[in-house]
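All residue numbers in this chain count up from 1 along the given sequence.
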Amino acid sequence: MAPGAPGDHANFAKLSVRPYPYEPDDPVICEIAEPEDWAELVNRHPLVRKRDPDFWEYWLGAQRQGSRRHRTPFVLVNWADVAKEYDAVHVTPRGYLLSAWAPIATEYGLTTLAGWGPDLTCWLR
């Protein structure tokens with residue numbers, strides 16, 4: 001999920017957008033070309049939700065396991081950690097089509113690619 005994407009209410013108030021003249025000579029870009037790439041990014045930089053918003057329950061509820069009190073957690077990307085490793089994250093058209101709104105298993109629970117578009121790059125630095 002891109003920072004500030006719909007449904008990312010936990011981090012929304014902490015985000016700010018400002019112009020910044022950043023032109024790296026050799027940027028380090030994380031490429032998302034398939035669901036496994038997104039799962040790997042989430043596994044390396046997890047942000048586990050303790051309580052799920054109804055929004056995610058609607059999209060992934062049918063895929064979740066367990067009773068209401070003991071569900072598979074929903075996991076987002078910890079963008080502050082990602083920014084320490086990468087200059088940007090790029091979602092390819094293929095990555096978007098295979099991953100958008102699909103439940104993706106991670107080591108920590110379920111995630112999905114939301115708030116992105118095909119061939120979109122989110123610059124983090």
Considering all heavy atoms, the nearest [X]-[Y] contact:
| X | Y | result |
| --- | --- | --- |
| Y86 | I29 | CD2-C, 3.8 Å |
| P93 | P118 | CA-CB, 3.9 Å |
| A88 | T121 | CB-CG2, 3.7 Å |
| A105 | A39 | O-CB, 3.7 Å |
| A102 | L98 | CB-O, 4.1 Å |
| V42 | L76 | CG1-O, 4.0 Å |

Quick one: sort the W79 and W116 rings into parallel, tilted or perpendicular, breaks at 30° and 60°.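 Because their plane-to-plane angle lies in the 30° to 60° range, the rings of W79 and W116 count as tilted.
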
Roughly how far apart are L41 CG and I104 CD1, rounded to 0.5 Å?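 So the gap between those two atoms works out to 10.5 Å.
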
Which value, rounded to the nearest 0.5 Å, describes the distance between T111 atom OG1 and W38 atom CH2?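 Going from OG1 on T111 over to CH2 on W38, the span is 6.5 Å.
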
Test item: [X] and [Y] side chains (from C-beta on) under 4.5 Å apart, heavy atoms:
| X | Y | answer |
| --- | --- | --- |
| L124 | V89 | yes |
| E107 | V75 | no |
| V82 | V77 | yes |

Mind checking what makes salt bridge (Lys or Arg N to Asp or Glu O under 4.0 Å) contact with D81, not counting sequence neighbours?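 D81 satisfies salt bridge (Lys or Arg N to Asp or Glu O under 4.0 Å) with K84 only.
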
What residues, two or more places apart in sequence or in another chain, satisfy side chain to side chain donor-acceptor pair (under 3.5 Å) together with N43?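 Residues passing side chain to side chain donor-acceptor pair (under 3.5 Å) with N43: none at all.
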
Are the side chain of T112 and the backbone of A114 linked by a donor-acceptor contact shorter than 3.5 Å?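 Not confirmed, T112 side chain does not pair with A114 backbone.
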
Salt bridge (Lys or Arg N to Asp or Glu O under 4.0 Å) contacts touching residues 26-38 (sequence neighbours left out):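 Applying salt bridge (Lys or Arg N to Asp or Glu O under 4.0 Å) to every pair that reaches into residues 26-38, excluding sequence neighbours, yields nothing.
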
Set of side-chain contact (heavy atoms from CB on, under 4.5 Å) partners for E85, sequence neighbours left out: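 Counting only residues at least two positions away or on another chain, E85 forms a side-chain contact (heavy atoms from CB on, under 4.5 Å) with R44, H45.
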
Checking A100 now: which residues fulfil side-chain contact (heavy atoms from CB on, under 4.5 Å) with it, not counting sequence neighbours?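 Partners of A100 by the side-chain contact (heavy atoms from CB on, under 4.5 Å) criterion, ordered by chain and then number, come out as Y96.
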
